[in-house]
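Have a look at the structure below, then the notes.
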Amino acid sequence: METNKEIRNDELKVAMITLKLQEDQESENYFKEQLKNSYFLVPAVDDNNNNELNFMLLSDQNNNNYFQVYTDLDEYEKWPSNKEAKYFVLTFDELSRIVITSNDEIKGLSINPFSENIILNKEYLNDIYASGKIFISDKNTCPKKTKDNIIKILKENKAVSKAYLFDIQKNNIPGYLLIIDSSSKDKNKLHAKIGEKIIDTIPKLNIDIISSTDKIAKEITKDTKEIYKKD
């Protein structure tokens, strides 16, 4: 977004300086927390013909390209070419998504490249971006043997009419989401029973179980084939 509101990020700048002075875990945790709540000035050229933003990149001596981002207007004006582009304001999440999904030529981003110059690569950005978030994918990577065991357990419960299985990632920890359609009046009890049986059969499996009547379940099962359907 474009904005006339002054962007400062004072606490982030303190965290950046602290991290430069003492690279310990406490300083890094503080830095990460401030990053999540920050807005950045990102120079770009607005291509009105294609309704796209062309971000202005910086290259290092090895020709690695980085997004350049600034914590405030004073820092932005240290960039020698600041008059050649206008800046847009992006949240950390918005910026991270763009960098993470960019092509391989983009290595990461540089915060205040003409002062602190803190460089964050894609892997580091993804770790922060994914922290505290849940990602659900319809790409079912569950091994066949594991899936067959889950189906066998579902068949043992007559109340289960069908079920869906998705990949899920919570706080960077991969696992599976099992969505069950059942006639049970006490769905929580049924889910607990099935969950216990699955864990007993497949130790250390990270799996969550929800009902097909949940709002999120209705949305993600629309065009998905079930892994189990009662005969």
Non-hydrogen side-chain atoms of [X] and [Y] separated by less than 4.5 Å:
X	Y	answer
Y87	L73	yes
I180	H191	yes
T71	Y76	no
I220	I179	yes
W79	Y70	yes
Q68	Y66	no
I106	I98	no
I128	S131	no

CA sep, side-chain torsions, deciding dist, call: E33, N37, side chain to side chain donor-acceptor pair (under 3.5 Å): CA-CA 7 Å; E33 284 304 311; N37 301 316; 5.2 Å; no
Would you say that more than 12 heavy atoms from the other residues, nucleotides or ligands in this model lie under 6.0 Å from the NZ of K122, or not?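 It does: K122 NZ has more than 12 such atoms within range.
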With S212 via side chain to side chain donor-acceptor pair (under 3.5 Å) - residues at least two apart: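 Listed in chain order: D181.
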So, taking the atom named CG in L90 and the one named CZ in F92, what distance separates them when rounded to the nearest 0.5 Å?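 Going from CG on L90 over to CZ on F92, the span is 12.0 Å.
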Residues that F40 engages under ring pair (Phe, Tyr, Trp, His ring centres under 6.0 Å), provided they are two or more places apart: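 Counting only residues at least two positions away or on another chain, F40 forms no ring pair (Phe, Tyr, Trp, His ring centres under 6.0 Å).
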Regarding K32 and the six-membered ring of Y124, is the cationic atom NZ or CZ under 6.0 Å from the ring centre and inside 45° of its axis?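 Yes, a cation-pi geometry.
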Same apolar cluster: I210 and L178, side chain cutoff 4.5 Å: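 As far as the 4.5 Å side-chain criterion goes, L178 and I210 are not connected within one cluster.
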What salt bridge (Lys or Arg N to Asp or Glu O under 4.0 Å) pairs are there with at least one residue in residues 10-25, not counting sequence neighbours?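 Passing the test, one end in residues 10-25: R8-D10, K13-D72, K13-E75.
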